[in-house]
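Quick notes on the structure that follows.
Just so you know, these numbers come straight off a predicted model, no measurement behind them.
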Amino acid sequence: MIAALAIFVLTYVVLAGARLPGLKLDRPGAALAGAVAMVFCKVLTPTQVYFEAISWDTLGLLLGMMIVCSAMEQAGLFGWVAHAALKRAHGRRTLLAAVVSVVGLLSALLVNDTVCVMCTPLVLAIVEAAELPALPYLLGICFAANAG
């Protein structure tokens, strides 16, 4: 129990942005190192990791959404939607209000993760085409998805 707590706390300290001397770990590396440490210290068995700790349904969903997003980008859908959205928007605030409204509505009907993964490349295409800063629109996606 003590080993699990120590690994958990150390992993979260690194995830929060702390740097360990001699190690160059980013967030995914820190998470993987924490998972390996849990198995190495016998907090979890490899069987428990495979069957209980990994959500294969979630990984499959995320992989599928990323494949669909990639296909939509290859098909030019994001560019077309960006052009149509910019044609209808009358300014930065109108565009932001539209993004927040659409994402909020979609997240009320769908899973938040799905909405964020599908809308982020679309919004990035729009702000890139309009030469606008991406941060306010990406924050709008986050807040609207949580509110929805």
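Of the possible polar contacts, none joining the Thr120 side chain to the Val117 backbone as a donor-acceptor pair under 3.5 Å is found.
Residues Phe143 and Val127 are members of separate hydrophobic clusters, defined by side-chain heavy-atom contacts under 4.5 angstrom among Ile, Leu, Val, Met, Phe, Trp and Tyr.
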Just list the side-chain donor-acceptor pairs under 3.5 Å for residues 94-102, sequence neighbours left out, or say none.
residue	atom	partner	partner atom	Å
Ser101	OG	Ala97	O	2.8

Please tabulate, for side-chain N and O atoms in residues 53-76, each donor-acceptor pair with protein atoms closer than 3.5 Å (sequence neighbours left out).
residue	atom	partner	partner atom	Å
Ser55	OG	Thr58	N	3.4
Ser55	OG	Thr58	OG1	2.7
Trp56	NE1	Tyr50	O	2.9

Name the atoms and distances for all side-chain donor-acceptor pairs under 3.5 Å in residues 31-46, with sequence neighbours left out.
residue	atom	partner	partner atom	Å
Thr45	OG1	Gln48	N	3.1

Could you go through Ile126 and Tyr137, starting from their C-alpha distance and side-chain angles, then the distance that decides it, and tell me whether this counts as side chain to side chain contact (heavy atoms under 4.5 Å, CB included)? CA-CA 10 Å; Ile126 292 170; Tyr137 299 92; over 6 Å; no

Full working for side chain to side chain contact (heavy atoms under 4.5 Å, CB included) between Thr114 and Leu106: CA-CA 9 Å; Thr114 305; Leu106 287 174; over 6 Å; no

Please evaluate residues Val115 and Val111 with respect to the criterion side chain to side chain contact (heavy atoms under 4.5 Å, CB included), reporting the C-alpha separation (whole Å), side-chain torsions for both, the decisive distance (0.1 Å), and the verdict. CA-CA 6 Å; Val115 173; Val111 179; over 6 Å; no

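Here SG of Cys119 is found 11.0 Å from CG of Leu138. Values are rounded to the nearest 0.5 Å. Leu15 CG to Leu10 CG: the interatomic distance, rounded to the nearest 0.5 Å, is 9.5 Å.
The heavy-atom pair separating Ser107 from Ala145 by the smallest distance is OG-O, 3.3 Å.
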